[in-house]
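Bear in mind the structure is a predicted one, so any value in this text is a computation, not a measurement. Naming convention: chains lettered A, B, ... in sequence-line order (proteins, then strands); numbering from 1 in each chain.
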Amino acid sequence: MSTTKNQISRRVFVKGLAVASVLASTRINLNAKEVQKEFEKGDILSGKVFNLSIGYSAVDITGTPTIATTINGKLHAPTLIWKEGDDITINVTNNLREDSSIHWHGIIIPTDMDGVPGISFEGIKPGETFTYKFTVKQSGTYWYHSHSGFQEQTGVHGSIIIEPKVKDPYDYDVDYVVALSDWSDENPKSIYRKLKVAGNYYNIKQRTIGDFIDEIKKDGFINAFNKRKMWNEMDMGDRDLSDVTGYTYTYLMNGDNPATNWKALFKRGQKVRLRFINSSAMTFFDVRIPGLKMRVVAADGNNIHPVDIEEFRIGVAETYDVIVEPLENKAYAIFAQSLDRTGYAIGSLTYDENIAASIPKMDPLPILSMTDMGMDMSKMNMGGMKMDNMAVKNDKKPMDMNKKTPMANMKMDNMPTENKKKSMNMDMNKKSFMTNMSSSSMDKTIPITPLEHADGPQSTMKAANPQYRLDDPGVGLRNNGREVLRYSNLKSLRSTMHDKQPDREIILHLTGNMERYMWSINGIAYPDAKPLKFHYGERLRITYINDTMMNHPMHLHGMWQDVESGANQFVRKHTVIVQPGSKISVQVTVDAMGSWAYHCHLLYHMAGMFRKVVVA
Amino acid sequence: MKKILSATLLLSSITISSFAASAQSPLYEKLTIDSLETQNNKDKSISWSGNFWVGTELNKVYLYSEGEKPKHSSSSSENQLVFSHAISPYWDAQLGVEYDIDKGAHQTWGVVGFQGMLPYFIETRATILAGSGTLGLRLEAEYKALITQKLSLTPKISTALYSKDIPSMELGKGLSNITASLKLSYEITREFAPYIGVQWTKNYGNTNIFNPTDETYFVAGVKFWF
Ligand SMILES: [Cu+2]
């Protein structure tokens, strides 16, 4: 099957009927020992010149034929293989009836190549071709997607692999991309409208009377009622996990639906590198391969000190590279359940292309806790549930969140849901957290540049006491009996010895109102906000405070965010998950002149939770 | 093929071309029929209640209508046109006019209203009416309790009070009416739910003299929105 001419996707099949996917089509062979050229048929493009064509393709993901926006006719676009140091040219032709664009996610390039309409360029008009030219200055796993309208939701996303100049410091035999995405047959505009007029439209796992009766049986009426009290008083739900769910989404792995069950082949004893990319519009996935430990070797394209885990959460736009070593000849499930447990993407890591892994059971529905509301859990343990411990409605004055509380010891032991068995780990992390605090922000006060902030109907609550929760794997993963990746596990391999101390700090509150479906930063939505000014050459500390009950993956274009993930420990990322009710700090070396987009990567949050950054 | 064509049209109709190019909040609109039901009461009424709004997250224009048509007499209804402005995360303040019809008679009011969610997820609306030298107050509250994700039980209570008699409209001074209902509904889709229920309504004071009412009856109907 030739590719570029073919506007009809190969993925035409009936719901529930598995059709053999083009086997191992996304197998990449960089450092891999075997070369399997026969699999390269347009799913992978390499070289220095690339031609991409954005157009409409007929697809059938769910049993209902519909139209996707695709690149070169592929839902999940071709994987691009670049080489670090190469000067590359990419011609992108827009065959849609509306403007389009391609943004190279996480790639450090000049602003006019960044592909954000209205900020980096004017977008690509229908029928026109825009030529991107730049030098590749990094290596690792990345992705690319449209930055126009909702095209990302309807299929304009693909993977990027950049081969390093110096071999990665780990060995593997075979190499696969595992790109996760969320597909809906609904027009994304209609999804957006439904969220606007009925915010809980897609929440199909709301609290029922039965849940309350179960709690009464367990805790007695008074306790059960009191437990609900704070949520009820604030009109907040503890099951508001995702705005858009499996009610409309089918979750895909490399463009394949669960019935197709994408397959990656291995031979016993081989080391397999899996490059996970979350290219979905709205979905966080919890990923595991039952029966295998995963060694995480890179995050957002950057190599880290390897860490062995059994499960990780991947936020929208994040990437993780893992290495697994299947020792048995069998089929292992690559299982990526959505955070809200309304569905999953699945593939098989198998020794035989005809054998698929059996489907693991989904985990129970995660229930948000007061931690996720930004409460100070230490007070909760001692004094019970007092109003000033919890997130406050906006008409009440929040506690001073930066200084008032004794930071050092409140953190880890106040996470009641954390696994107490892992005390070694916890102690270490606690210590590291304390030292981190003292080294980076306590000894030396960093001047805070105040930013404009607005209160009002557009934001429902304030996290009264947001905590650094680097050790918190997140709602639904706490205490689940598995070794789950946390941000505190992530430490870049690159030396941070010569990184400057921050010159100043800004605080960004992530704000929103789920009921009205409004999202903003510091209470101000993008259309009403002034650009953020970064000074060329400075080292800027950014502290995020999440005043909502939802995870927001914050993506800064053009510059890295060095997340403070522990004591003198940083992890270099392009997309940073800010957990509900928490805070997290990053440091940015401001070394890229021009205008840049800076936003939450949830597609339907983006219109409001967005800033233009001007570096001058 | 037809389906594919229409899907193409749908996709191409996406007009937000860029998130970066700052756009005004788009206008949305929604028609909600909270109830359209037959009532097994002495009048054998058909009753309705609903609203239509157009606007943004913070500012909307609402058209409300609620009323009944007894089988053998003419209809009565309360119809409002209000401007609605968000004053807090969960509350809108409203200002506008109301036009009531009662079996041929009619009454125009100025309206100040508050609509929003009380703690414990209680949906509430309060309207103050002023017209013909009379003040009125209407209150309603409802709570939707989920039995399953699709099946729910909704208790609702509403009441009305007036500062003077308006005999033409059969409204009496003081507490005029209390109506309470309990409805069991099943969401076939998010947008469409049939229900059955029981409703009790009682008039008080002079209202009850103008129009004696104290009855309990079954109702059956649908609610829907789009
Ligand atoms: Cu967001």
Side-chain angles (χ1 to χ4, degrees), chain A residues 56 58 64-67 69 96-99 101 116-120 123 147-151 154 185 187-190 192-194 196-198 201 204-210 232-235 393-395 456-461 513 515-518 525-527 597 599 606-607 610 612, chain B residues 1 3-32 53 56-60 85-93 116-123 144-153 187 189-191 225-226:
Chain A
Y56 300 105
T64 307
T66 185
I67 299 291
T69 54
L96 303 177
R97 282 175 219 93
E98 60 183 11
D99 284 16
S101 58
V116 181
I119 290 184
S120 353
H147 225 285
S148 299
F150 296 119
Q151 291 161 15
T154 51
D185 284 344
N187 184 327
K189 208 177 156 192
S190 144
Y192 195 51
R193 177 187 176 264
K194 282 172 178 165
K196 288 280 184 189
V197 306
Y201 189 94
I204 49 169
K205 298 204 169 179
Q206 300 182 65
R207 268 191 154 272
T208 63
I209 298 174
N232 286 331
E233 283 178 351
M234 298 189 58
D235 291 329
K393 278 188 165 177
N394 250 344
D395 47 350
Q458 67 278 13
S459 48
T460 310
M461 67 170 213
N513 181 335
E515 225 21 60
R516 298 179 190 274
Y517 210 73
M518 302 176 74
Y526 178 53
H599 58 94
M606 230 169 100
F610 193 117
K612 178 179 177 173
Chain B
M1 194 58 207
K3 215 163 191 172
I4 291 172
L5 274 177
S6 63
T8 313
L9 288 173
L10 275 176
L11 276 179
S12 60
S13 71
I14 296 171
T15 49
I16 304 170
S17 62
S18 156
F19 279 114
S22 64
Q24 297 286 67
S25 279
L27 286 183
Y28 292 95
E29 71 294 307
K30 186 183 186 185
L31 175 72
T32 308
W53 63 256
T56 64
E57 299 88 352
L58 299 179
N59 297 299
K60 296 178 174 73
H85 175 69
I87 51 167
S88 81
Y90 295 118
W91 286 87
D92 284 358
M117 193 152 60
L118 287 172
Y120 290 82
F121 301 91
I122 297 166
E123 298 279 359
K144 182 175 163 186
L146 294 184
I147 298 166
T148 69
Q149 296 300 320
K150 285 173 172 283
L151 190 67
S152 64
L153 199 59
E187 271 184 13
T189 65
R190 274 277 190 252
E191 292 88 348
W225 63 266
F226 50 82

Region of A:Lys612 in contact with chain B, defined by heavy-atom distances below 4.5 Å:
neither
B:Asn59 side chain near B:His85 side chain, heavy-atom distance below 4.5 Å
yes
Among all residues two or more places apart in sequence or in another chain, which pass the side chain to side chain donor-acceptor pair (under 3.5 Å) test with A:Lys196?
B:Glu57
Students often mix this up, so state it plainly: with edges at 30° and 60°, are the rings of A:His147 and A:His599 parallel, tilted or perpendicular?
perpendicular
Does any heavy atom of chain A fall under 4.5 Å from the side chain of B:Leu153, the backbone, both, or neither of them?
neither
Given a strict heavy-atom distance threshold of 4.5 Å, which part of B:Thr32 is in contact with chain A: side chain, backbone, both, or neither?
neither
Check side-chain contact (heavy atoms from CB on, under 4.5 Å) between B:Ser88 and all other residues, then give those that pass, not counting sequence neighbours.
B:Trp91
Of the listed residues (A:Glu515, A:Arg193, A:Met518), which shares the most heavy-atom pairs with chain B below a 4.5 Å separation?
A:Arg193
